[in-house]
Amino acid sequence: MGGNGHGGGQRGRWAYIGSFTEAGGHGITVAEVDPGTGALTPVHATDAVANPSFVALSPGRDVLYTVSETDDGAVAAFSLADPARPRLLGEAVPVGGAGPTHLAVAGGRLFTANYGSGSVSALSLRPDGSPAAPAGVLPHHGSGPVAERQEGAHAHAVVPDPSGAWLLAADLGTDAVYVYALDPATGAPAPHRETALRPGSGPRQLAFHPRGHRAYAVGELDSTVTVCRWDAATGEFAADSPEVRTAAASPGGGSTPNYPSTAVVSEDGRFLWVANRGHDSITVFALGPDGGAPALRGTVGCGGHWPRHLAAHPGGRLLYAANERSGDVGWFAVDPDTGIPAQAGAAAVPAASCVVFA
């Protein structure tokens, strides 16, 4: 490792926190995770990339990828040879789309969801893990009934399925989830199918059940979570009877304007947590034995304002909320019987937007 005295250690020792530099964020903040309490201690930050609002790790957890959520749209990679001080691998690379909000590695390529231009980009990776231009761009088309938010396509998330053979993209603007088949030899994406969800729901994010047979679509515009069936053999993605299987993510009759941001499924598949921006809370659902029929178990405060992202620590007993507008990341101890998180602390991280662990 690097020469500053920080070693790699066990899985989950390091947290990497993205932020919006245009809102006063420090870029990517590195925090050490206390193995006993889960407390975060920031040790370093780099603003080498503008608006690194979402970050993700390579499969080997030795490269950190980030979007640059700007009108020009770019991605960058950092070596984690020294986990406490990520080193930029070359320059940021254009993605050929505006406002990339999410990214993932699948099939040996790097993919981004470009909110501003309503497209998905695919970039090849060099031997050192850095992305290479040019990007292949897959445009989405369509609109939705919420005029001010769904005037056109707005891809918001790209999520590989657990089998690694497919990439799914949630598009907030078209109320649809797009499925791409990944070439087993090259990782090149090919459009496979498009699944419509509830009109006006605005699907923002997807989370898979650990068994891989279901996914949960977060509706930003109607405060819902839709349970969907997933078949990795055929690439079929379908809503599971929305009138029955969709649960409101914001309790109390929607008196507070609310925009759910993300969902996390527990490692054992028993619980689903949803972050609510506006309501500023975390909603807890218990899942049935097959991952269906989410049942509301409780709602707790997120410990701040505007929780843009949730992340579960690899150990499974801690949950973290990146509260963008209050500028902090809170950590919560999860009750193993009920799934209810209880806040145990917070670290100041201006304009925090995403947390991942390595």
Side-chain angles (χ1 to χ4, degrees), residues 56 101-107 109 111-115 118-122 138-145 150 153-184 187-247 249 260-265 269 272 274 285 287-294:
T101 57
H102 198 259
L103 82 171
V105 178
R109 298 192 182 213
F111 294 90
T112 66
N114 308 317
Y115 181 86
S119 60
V120 169
S121 295
L138 301 154
H140 294 175
H141 302 284
S143 60
Q150 296 185 308
H154 292 298
H156 209 297
V158 281
V159 181
D161 89 303
S163 77
W166 309 89
L167 183 81
L168 284 71
D171 195 299
L172 184 149
T174 65
D175 291 321
V177 173
Y178 297 74
V179 179
Y180 295 97
L182 302 180
D183 185 285
H192 176 70
R193 66 180 294 134
E194 178 183 339
T195 299
L197 298 182
R198 186 197 303 270
S201 61
R204 173 188 173 93
Q205 287 286 351
L206 297 171
F208 274 97
H209 189 276
R211 285 173 54 189
H213 68 307
R214 294 189 188 276
Y216 307 89
V218 177
E220 175 176 331
L221 301 183
D222 69 352
S223 287
T224 61
V225 176
T226 302
V227 183
C228 301
R229 300 186 309 276
W230 170 246
D231 187 337
T234 64
E236 180 183 3
F237 184 88
D240 232 3
S241 302
E243 295 302 320
V244 176
R245 300 292 193 182
T246 301
S261 59
T262 195
V264 174
V265 185
L272 173 70
V274 180
F285 296 100
L287 299 175
D290 67 346

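No experiment lies behind these values; they were computed from the predicted model shown. Basis for what follows: all heavy atoms, side chains included, without hydrogens, waters or symmetry-related copies.
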Chemist: Give the minimum heavy-atom separation between Ser261 and Gln205, together with the two atoms involved.
Modeler: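 The pair with the smallest heavy-atom distance is O-CG, 3.1 Å.
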Chemist: Take Leu167 and Asp161 through the test side-chain contact (heavy atoms from CB on, under 4.5 Å) and record every step on the way to the result.
Modeler: CA-CA 6 Å; Leu167 183 81; Asp161 89 303; over 6 Å; no
Chemist: Got a sec, which residues hit side chain to side chain donor-acceptor pair (under 3.5 Å) with His154, two or more places apart in sequence or on another chain?
Modeler: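 Partners of His154 by the side chain to side chain donor-acceptor pair (under 3.5 Å) criterion, ordered by chain and then number, come out as Glu151.
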Chemist: Is a donor on one side and an acceptor on the other found under 3.5 Å between the side chain of Asp183 and the backbone of Ala188?
Modeler: no
Chemist: At their closest point, which heavy atom of Ala176 faces which heavy atom of Pro203, and how far apart are they?
Modeler: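 For Ala176 and Pro203, the tightest heavy-atom pair comes out as N-CG, 3.7 Å.
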Chemist: Evaluate the side-chain contact (heavy atoms from CB on, under 4.5 Å) criterion for residues Tyr216 and Leu206: first the C-alpha distance (whole Å), next the side-chain angles of each, then the deciding distance (0.1 Å), finally the verdict.
Modeler: CA-CA 5 Å; Tyr216 307 89; Leu206 297 171; over 6 Å; no
Chemist: Just to verify, what does Ala56 make a side-chain contact (heavy atoms from CB on, under 4.5 Å) with, not counting sequence neighbours?
Modeler: Phe54, Leu103
Chemist: Quick one: pull up SG in Cys228 and CG in Leu197 and give me the separation to the nearest 0.5 Å.
Modeler: 5.5 Å
Chemist: Looking at His156, is its backbone amide N or carbonyl O close enough to the side chain of Thr101 to form a donor-acceptor pair, meaning the two atoms are under 3.5 Å apart?
Modeler: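 Yes, because the side chain of Thr101 sits within donor-acceptor range (under 3.5 Å) of the backbone of His156.
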Chemist: If you define the side chain from C-beta out and look only at heavy atoms, does anything of Thr174 sit under 4.5 Å from Ser143?
Modeler: no
Chemist: Regarding Arg198 and Asp175, does a basic nitrogen lie under 4.0 Å from an acidic carboxylate oxygen?
Modeler: no
Chemist: Is any side-chain heavy atom of Arg214 closer than 4.5 Å to a side-chain heavy atom of Leu287?
Modeler: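 In short, these two side chains do not touch, never coming nearer than 4.5 Å.
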Chemist: Using the test side chain to side chain donor-acceptor pair (under 3.5 Å), find all partners of Trp166 that sit at least two apart in sequence or belong to another chain.
Modeler: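 Trp166 satisfies side chain to side chain donor-acceptor pair (under 3.5 Å) with no residue once adjacent residues are dropped.
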Chemist: What are the two closest heavy atoms between Pro260 and Val218, and how far apart are they?
Modeler: CB-CG1, 3.5 Å
Chemist: Report yes if the side chains of Tyr115 and Asp171 come closer than 4.5 Å at any heavy-atom pair, otherwise no.
Modeler: no
Chemist: In terms of side-chain geometry, is the basic nitrogen of Arg211 or Asp290 positioned less than 4.0 Å from the acidic oxygen of its partner?
Modeler: no
Chemist: Would Ser119 and Asn114 satisfy side-chain hydrogen bond (donor to acceptor under 3.5 Å, both in side chains), going step by step from the backbone distance to the final call?
Modeler: CA-CA 5 Å; Ser119 60; Asn114 308 317; 3.0 Å; yes
Chemist: Going by the rule side-chain contact (heavy atoms from CB on, under 4.5 Å), which residues pair with Ala169 if we only count those two or more places apart in sequence or in a different chain?
Modeler: Val120, His140, Val158, Tyr178, Tyr180
Chemist: Only one of Leu272, Val227, Val265 clears side-chain contact (heavy atoms from CB on, under 4.5 Å) with Phe285; which?
Modeler: Leu272
Chemist: Ignoring hydrogens and geometry, is there a side-chain-to-backbone donor-acceptor pair from Thr224 to Thr226 under 3.5 Å?
Modeler: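 Looks like no, no N/O pair under 3.5 Å.
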Chemist: Side chains of Trp230 and Leu168: does their closest heavy-atom pair fall under 4.5 Å?
Modeler: yes
Chemist: One pair to check against side-chain contact (heavy atoms from CB on, under 4.5 Å): Phe111 and Leu182. What are the steps and the verdict?
Modeler: CA-CA 11 Å; Phe111 294 90; Leu182 302 180; 3.8 Å; yes
Chemist: Please give me the minimum heavy-atom distance between Pro162 and Gly212, naming the atom from each residue.
Modeler: CG-CA, 3.8 Å
Chemist: Does any pair with a residue in residues 199-208 pass salt bridge (charged side-chain N to carboxylate O under 4.0 Å, His left out), and if so which ones, sequence neighbours excluded?
Modeler: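 Passing the test, one end in residues 199-208: Arg204-Glu220.
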Chemist: List in chain and number order the residues that pass ring pair (Phe, Tyr, Trp, His ring centres under 6.0 Å) with His213, two or more places apart in sequence or in another chain; answer none if no residue qualifies.
Modeler: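 Partners of His213 by the ring pair (Phe, Tyr, Trp, His ring centres under 6.0 Å) criterion, ordered by chain and then number, come out as His209.
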